[in-house]
Structure formats: C-alpha cells, structure tokens
Amino acid sequence: MSKYLKYTKNFYFIFTVLFVLWMIFIDSNDILTQFKLSSKVRELENQKKFLLERKDKIKQDREELMSNSELLEKFARERYLMKKKTEDLYVIVQD
C-alpha cells in the first residue's frame, strides 16, 4: 500500500492522471464524442452507398428510355400527362 502512496505524491503521476481524465471525460474530443462521430460517419457512408446505387439505376433507366422511343412515349404519357394533338386526356382521381 505504501508503494502506491509513493506514486500519488509524485507531481508527474498526478499530472498524468489528471491529463488522462481530462482527455477522456471533459475535453471536446472525448471518447463519447468520438463514438458518436464514428457512428455518424458509418451512417453517412451507408447513405452514400445507397445513393450511388440509386444513381446507377437512374442512369440505366435513362439510357433505356433514350434508346427506345415507344418506352419514352409511354413514360411521357404516364408521368407528365402528355398527349397527341388528336387525343383527349381524361384524368381519373381515386379517393
């Protein structure tokens, strides 16, 4: 026991312990903050992966639309309610 008390009277030991406690609990870059930031980074990386996959799918759909005129016409009619000059368009809204 006296062996441990000898170290507690040492200035460098006390300073080191206080410094470690400061860095772990009190500092703005403490351990809890680091865990939160790392989880946020993982979340953002997953979101980035999802959005890149979605972007690739949209590019593929766009290329398919631009290469097939019948599919482009169908898309324009359904999505933007376009019509030919000789046609009448009726929109049925379901409640």
Between atom [atom1] of [X] and atom [atom2] of [Y], what is the distance when rounded to the nearest 0.5 Å?
X: Leu81; Y: Lys83; atom1: CG; atom2: NZ; result: 11.0 Å
X: Leu32; Y: Gln34; atom1: CG; atom2: CD; result: 10.0 Å
X: Phe35; Y: Leu37; atom1: CZ; atom2: CG; result: 11.5 Å
X: Phe50; Y: Arg54; atom1: CZ; atom2: CZ; result: 5.5 Å
X: Leu71; Y: Leu65; atom1: CG; atom2: CG; result: 5.0 Å

Taking a hydrophobic cluster as the set of Ile, Leu, Val, Met, Phe, Trp and Tyr residues connected by side-chain heavy atoms closer than 4.5 Å, whether directly or through intermediates, do [X] and [Y] fall within one such cluster?
X: Phe15; Y: Ile24; answer: no
X: Leu18; Y: Phe11; answer: no
X: Val17; Y: Tyr12; answer: no
X: Met23; Y: Val20; answer: yes

Item checked: Test side chain to side chain donor-acceptor pair (under 3.5 Å) applied to Lys57 - qualifying residues, sequence neighbours left out ->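 For Lys57 the side chain to side chain donor-acceptor pair (under 3.5 Å) partners, ignoring immediate neighbours, are Asp61.
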Note to self: Suppose we screen for side chain to side chain donor-acceptor pair (under 3.5 Å). Which residues come up paired with Glu73, at least two apart in sequence or across chains?
What the structure shows: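 By the side chain to side chain donor-acceptor pair (under 3.5 Å) rule, Glu73 matches Arg77.
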Checklist line | Pairs meeting criterion side-chain hydrogen bond (donor to acceptor under 3.5 Å, both in side chains) with involvement of residues 39-53, two or more places apart | finding: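 Of all non-adjacent pairs touching residues 39-53, none passes side-chain hydrogen bond (donor to acceptor under 3.5 Å, both in side chains).
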Margin query: Quick test of your reading: applying side-chain hydrogen bond (donor to acceptor under 3.5 Å, both in side chains), list the pairs with at least one residue in residues 15-30, sequence neighbours left out, ordered by first then second residue.
Written below: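 Those involving residues 15-30 are Asp30-Thr33.
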Checklist line | Qualifying residues under side-chain contact (heavy atoms from CB on, under 4.5 Å), relative to Asp56, sequence neighbours excluded | finding: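 Here no residue qualifies.
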Next item on the list: Applying side-chain contact (heavy atoms from CB on, under 4.5 Å), name anything that partners Lys74, two or more places apart in sequence or on another chain.
Entry: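 side-chain contact (heavy atoms from CB on, under 4.5 Å) check on Lys74 returns Glu78.
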Next item on the list: Step through the shown structure and confirm whether more than 12 heavy atoms of other residues, nucleotides or ligands are within 6.0 Å of CD on Glu87.
Entry: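 More than 12 within 6.0 Å, yes.
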